[in-house]
Amino acid sequence: MSQISLTFPDGSLREYPSGITASEVAQSIAPSLAKAAISAQLDGAHYDLAWPITADAKIAINTLKDDDAALELIRHDFAHVMARAVQEIWPDVKVTIGPVIKDGWYYDFDREEPFTPEDLGVIEAKMKEIINRRDPVRTEIWERERAVAFYEGNNEPYKVELINSIPGDEPLRMYWHGDWQDLCRGPHLQHTGQLPADGFKLMKVAGAYWRGDSSRPMLQRIYGVAFKDRKALKAHLLMLEEAAKRDHRKLGREMDLFHMQEEAPGQIFWHPNGWTIYTQLQDYMRRQQTKGGYVEVNTPQVVNRVLWERSGHWENYQEHMFIVEVDEEHAREKTVNALKPMNCPCHVQIYNVGLKSYRDLPLRMAEFGSCNRYEPSGALHGIMRVRGFTQDDAHIFCTEDQIEAETERFIEFLRNIYADLGFENFTIKFSDRPEQRAGEDAVWDRAETALANATKAAGCEYTLNPGEGAFYGPKLEFVLTDAIGRDWQCGTLQVDFVLPESLDATYIGADGGKHRPVMLHRATLGSFERFIGILIESHAGKLPLWLAPQQVVVASIVSDADDYVYETVAALQAAGLRAKADIRNEKINYKVREHSLAKIPVILAVGAREVADGTVSVRRLGDNRTQTQPLAELIEELRIEATPPDLR
RNA sequence: GCCGCUGUAGCUCAGCUGGUAGAGCACAUCAUUCGUAAUGAUGGGGUCGGGGGUUCGAGUCCCUUCAGCGGCACCA
């Protein structure tokens with residue numbers, strides 16, 4: 001048999017007979033390594049230990065100590081162990097797929113009866129039992145006909161469908177964990193006993209469509225999380241608990257920011273506190289937009305269907321629109337209008353008034369546009385996904401040549417704003433041409449290149465979302481993450497070749513002829529509602545002073561200080577600070593606690609001493625120390641701190 | 001929209017196998033003037049999400065509907 005040479009991570013080289021397994025290689029180094037080994041990397045790719053090696057390669061033996069490889073493997077094996085447990089308990093359940101995801105895995109099952117939360121405990125117990133069996137894992141490569149016949153015989157139609165969708169040249173790997181079998185890419189652990197039996201937890205059951213297709217059957221998905229040991233699992237569960245405390249829905253109530261109610265699902269009742277945040281943010285954005293070369297406009301809420309027909313929304317977006325029928329007295333039939341779900345068609349109407357010259361381009365038209373969309377009921381989520389919202393929207397009318405420069409300019413605009421608001425980290429997703437699209441490929445080529453170049457020129461990285469662009473053009477999405485780790489698209493920039501055409505926007509070029517502008521739809525925050533939700537969660541409610549609804553509360557310690565409290569509040573308010581008095585007949589402990597829970601950034605306590613000295617005792621949110629200082633000095637300090645970042 | 005779960009006082013929640021609602025906090029009144037995360041006493045407050053049904057009797061069982069939550073799908 002021929003020899004192969006394997007290079008180890010430390011650079012050393014060893015000769016082995018071809019066909020040797022990674023497990024045997026590990027054994028040749030140290031029996032303890034062979035025991036601890038979980039998988040191998042060959043030239044960077046991940047393999048089972050039992051995989052025969054037939055060519056020279058760089059090899060690394062993974063053990064549970066190797067974080068990434070180990071967690072990936074552990075979670076993958078847990079998915080199998082869970083599926084096995086489910087089938088051992090309910091033999092008639094059909095298995096489908098079960099991939100590794102962030103922090104864990106899920107597995108989708110087809111079963112008539114719903115899994116109950118109690119079932120999860122039963123499954124967990126069975127999983128522990130399976131782990132304790134320490135069943136060896138073995139794998140075989142099968143011909144697809146044999147595999148199809150096998151799964152048909154076992155009444156596993158989903159597996160048959162999977163095999164039929166795997167490209168013909170890919171080998172099919174069949175895995176056995178003891179006597180339980182699954183089709184899988186692998187790799188897997190040596191035996192189930194390598195799994196940390198106290199390092200996992202089944203989290204929730206949810207419905208999920210087979211192959212993500214809403215026209216296909218709904219399966220039951222069980223989610224689990226897994227870590228290397230009990231300690232890491234507990235840390236993760238604790239983190240989830242902490243994250244739940246930052247939920248904007250909870251903080252919104254506690255801080256008295258807003259509420260929502262049944263009569264207006266997906267719409268927000270902003271309370272004075274919440275509305276203060278909103279207006280501060282809007283004022284800030286208005287200043288930024290003015291500086292950024294935008295003109296601001298405002299357009300109607302209720303618009304006749306005729307315009308929506310011309311823009312294409314009536315055909316493509318009608319089911320998401322609130323339709324308003326008006327029975328006008330002298331009209332033969334009802335007038336049909338819709339609340340605007342987007343601002344773009346209205347902006348084109350403004351653009352279209354009067355002739356535009358190439359000298360007017362790029363024309364950046366902004367609106368804090370109130371939109372209403374009839375979002376599917378299941379999509380609603382606090383103030384992050386609502387039916388009534390306001391975008392910090394703008395449309396840039398420009399030439400095709402200007403796309404790249406305008407895109408770069410926008411990314412820089414957005415990045416500055418995000419930085420001001422405390423978001424140094426965001427991700428960019430680049431969605432390119434979908435299958436179904438309007439326009440010529442050559443134009444798409446140029447537009448996609450322009451977006452990619454502009455992103456790079458702005459010094460940003462992006463991840464590709466292949467085929468996810470709008471039918472009218474490619475787009476960039478700027479994504480922020482909420483407290484629980486869910487991603488939300490906030491900013492966006494979308495190239496549009498279609499709407500200028502359908503609404504007949506033109507400009508007069510240098511050649512004296514009429515030309516089509518390109519439109520860039522862009523939003524920085526996205527919607528104020530969603531962005532404020534993210535803002536609340538990322539700060540855990542402790543907003544920077546300039547955004548905090550109530551900035552200062554002045555609390556009396558004794559009632560003799562009441563007059564001084566009012567004087568102090570008046571002085572703070574005169575300096576432009578949002579301050580209020582608390583002279584209730586309560587102990588200072590009580591007041592401090594209450595205002596701290598309400599997330600008021602600065603608490604001033606005043607008693608006899610402060611009255612006599614003209615000082616205040618200052619306590620900052622999140623800090624249990626206090627500091628006494630002259631009122632005038634504090635006001636100067638707070639005034640600077642409360643200035644919005646762009647005005648400092 | 002789909003699957004599952006939930007819906008009792010402003011908030012957080014209890015209410016066993018059906019017998020006609022309960023706690024803490026909050027609120028109000030009174031007492032207390034107390035130095036940095038809950039002072040005490042007293043009191044008011046709920047057609048148990050809405051509608052229908054079973055029953056002598058329903059917060060508890062059934063149907064239906066609305067909303068919320070967790071996913072999935074959607075997200076021009």
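So that the names make sense, note that chain A is the first sequence line, chain B the second, and so on, each numbered from 1.
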Notebook entry, point to check: Using the P atom in both, what is the distance from B:A21 to B:U60, to the nearest Å?
Noted result: 13 Å
Check: Under 4.0 Å: is that the gap between some side-chain N or O of A:Tyr590 and OP1 or OP2 of B:A26?
Finding: yes
Notebook entry, point to check: Closest heavy-atom contact between A:Thr276 and A:Pro549?
Noted result: CG2-CA, 3.9 Å
Next item on the list: Once you apply the 3.5 Å cut-off to both distances, tell me the Watson-Crick or G-U wobble partner of B:C2, or none.
Entry: B:G71
Check: Hey, is A:Glu594 close enough to A:Lys591 for a salt bridge, meaning N to O under 4.0 Å?
Finding: no
Next item on the list: Searching all strands shown, indicate the nucleotide that pairs with B:G18 (Watson-Crick or G-U wobble; both distances under 3.5 Å).
Entry: none
Next item on the list: Give a yes or no on whether a salt bridge exists between A:Arg246 and A:Asp482, defined as a side-chain N under 4.0 angstrom from a carboxylate O.
Entry: no
Next item on the list: Please measure how far the C1' atom in B:C13 lies from the corresponding atom in B:G40, and state the result in whole Å.
Entry: 25 Å
Note to self: Any strand counts, and the cut-off is 3.5 Å on both contacts for Watson-Crick or G-U wobble. Which nucleotide pairs with B:C48?
What the structure shows: none
Could you list all N or O pairs between the protein and nucleotides 8-15 of chain B that sit under 3.5 Å apart?
from  : atom 1 : to       : atom 2 : distance (Å)
B:U12 : OP1    : A:Arg253 : NH2    : 3.1

Check: Should B:A37 form a Watson-Crick or G-U wobble pair with both distances under 3.5 Å, which nucleotide is its partner?
Finding: none
Checklist line | Residue closer to the 5' end of RNA chain B, A:Thr626 versus A:His313 (nearest nucleotide) | finding: A:Thr626
Next item on the list: Can you tell me the distance, in whole Å, between the CG atom of A:Asp256 and the P atom of B:C27?
Entry: 13 Å
Check: Which whole number of Å gives the distance between the P atom of B:G52 and that of B:G57?
Finding: 15 Å
Check: Across the strands shown, which category fits A:Arg619 at heavy-atom distances under 4.0 angstrom: base, sugar-phosphate, nothing?
Finding: base
Notebook entry, point to check: Touch check for A:Ala608, heavy atoms < 4.0 angstrom, all strands: base, sugar-phosphate only, or nothing?
Noted result: base
Next item on the list: Look at all strands and tell whether A:Asn589 reaches a base, only sugar-phosphate, or nothing, counting heavy atoms closer than 4.0 Å.
Entry: sugar-phosphate
Next item on the list: For A:Gln220, report the nucleic acid contact type (base, sugar-phosphate, nothing); a contact means any heavy atom under 4.0 Å.
Entry: nothing
Item checked: Nearest-angstrom distance from the residue atom CG of A:Asp482 to C1' of B:G71 -> 14 Å
Next item on the list: Provide the distance between the two P atoms, one in B:C62 and one in B:G18, to the nearest whole Å.
Entry: 11 Å
Check: With rounding to whole Å, what would you report as the distance between B:G22 and B:G15 at their C1' atoms?
Finding: 7 Å
Checklist line | For atom CG of A:Leu120 and atom P of B:G71, their distance in whole Å | finding: 15 Å
Note to self: Does A:Ala208 reach a base, just sugar-phosphate, or nothing at all? Heavy atoms under 4.0 Å.
What the structure shows: sugar-phosphate
Check: Under 4.0 angstrom, heavy atoms only, what part of the nucleic acid is A:Ile588 near: base, sugar-phosphate, or nothing?
Finding: sugar-phosphate
Item checked: d(CD1, A:Ile600; P, B:A37) in whole Å -> 16 Å
Next item on the list: State, without any angle test, whether A:Glu309 and A:Gln318 hold a side-chain donor-acceptor pair at a distance under 3.5 Å.
Entry: no
Notebook entry, point to check: Does A:Leu577 offer a backbone N or O that forms a donor-acceptor pair with the side chain of A:Gln551 under 3.5 Å?
Noted result: no
Note to self: At 4.0 Å (heavy atoms only), tell me whether A:Leu597 reaches a base, stays on the sugar-phosphate, or touches nothing.
What the structure shows: base
Distances under 3.5 Å between nitrogen or oxygen atoms of protein and nucleotides 61-69 of chain B:
from  : atom 1 : to       : atom 2 : distance (Å)
B:C66 : O2'    : A:Glu262 : OE1    : 3.0
B:C69 : OP1    : A:Arg249 : NH1    : 3.1
B:C69 : O3'    : A:Arg249 : NH1    : 3.4

Next item on the list: Anything under 30° is parallel, anything over 60° is perpendicular, the rest tilted; go ahead and classify A:His80 against A:His76.
Entry: perpendicular
Next item on the list: Scan A:Lys587 against the nucleic acid and name what it touches under 4.0 Å (heavy atoms): base, sugar-phosphate only, or nothing.
Entry: base
Next item on the list: Pick the C1' atom in B:A73 and in B:A14, then give their distance to the nearest Å.
Entry: 38 Å
Check: Between A:Arg249, A:Lys245, A:Lys250, which is the residue that forms a salt bridge (charged side-chain N to carboxylate O under 4.0 Å, His left out) with A:Asp247?
Finding: A:Arg249
Note to self: I need the A:Leu525 CG to A:Phe531 CZ distance, nearest 0.5 Å.
What the structure shows: 5.0 Å
Margin query: Tell me the interatomic distance from A:Phe115, atom CZ, to B:C72, atom P, rounded to whole angstroms.
Written below: 18 Å
Note to self: In this structure, how many angstroms lie between the C1' atom of B:G70 and the CD1 atom of A:Ile222, rounded?
What the structure shows: 14 Å
Check: In Watson-Crick or G-U wobble terms, both distances under 3.5 Å, what is the partner of B:A58?
Finding: none
Checklist line | Stepwise salt bridge (Lys or Arg N to Asp or Glu O under 4.0 Å) test for A:Glu367 and A:Lys340 | finding: CA-CA 13 Å; A:Glu367 175 175 4; A:Lys340 70 173 170 185; 3.0 Å; yes
Notebook entry, point to check: Looking at A:Arg211 and A:Asp213, does any basic side-chain N land under 4.0 Å from a carboxylate oxygen?
Noted result: no
Checklist line | Integer angstrom distance from the P of B:G50 to that of B:U17 | finding: 22 Å
Using the 3.5 Å cut-off, write out each protein N or O paired with an N or O of nucleotides 73-75 of chain B and the distance between them.
from  : atom 1 : to       : atom 2 : distance (Å)
B:A73 : O2'    : A:Ser214 : OG     : 3.3
B:C74 : O2     : A:Arg385 : NH2    : 2.8
B:C74 : N3     : A:Arg385 : NH1    : 3.0
B:C75 : O2     : A:Arg385 : NH1    : 3.3

Next item on the list: Classify the ring geometry between A:His313 and A:Tyr317 as parallel (under 30°), tilted (30 to 60°) or perpendicular (over 60°).
Entry: perpendicular
Check: Does A:Arg305 reach the main-chain N or O of A:Asn337 with its side chain, forming a donor-acceptor pair under 3.5 Å?
Finding: no
Check: Contact class for A:Tyr106 vs. all strands (heavy atom < 4.0 Å): base, sugar-phosphate, or nothing?
Finding: nothing
Margin query: Please report the distance, rounded to the nearest Å, between CG in A:Asp119 and P in B:C5.
Written below: 11 Å
Next item on the list: Give A:Gln627 one of three labels, base, sugar-phosphate or nothing, depending on what nucleic acid heavy atoms sit under 4.0 Å from its own.
Entry: nothing
Check: Is the backbone of A:Val602 close enough, under 3.5 Å, to the side chain of A:Gln550 for a donor and an acceptor to pair up by distance?
Finding: no
Check: Quick one: A:Arg593 CZ to B:A38 C1', roughly how many Å, whole number?
Finding: 5 Å
Margin query: Using 30° and 60° as the class boundaries, would you call the ring planes of A:Phe322 and A:Tyr374 parallel, tilted or perpendicular?
Written below: perpendicular
Note to self: Need to verify one output field. Residue with the more 5' nearest nucleotide on RNA chain B, A:Tyr374 or A:Asn624?
What the structure shows: A:Tyr374
Notebook entry, point to check: Taking the side chain from A:Thr96 and the backbone from A:Asp108, do they hold a donor-acceptor pair closer than 3.5 Å?
Noted result: yes
Margin query: Please name the nucleotide paired to B:C27 by Watson-Crick or G-U wobble geometry with both distances under 3.5 Å, or report none.
Written below: B:G43
Notebook entry, point to check: Considering only the P atoms, how many Å lie between B:C72 and B:G10, rounded to the nearest integer?
Noted result: 34 Å
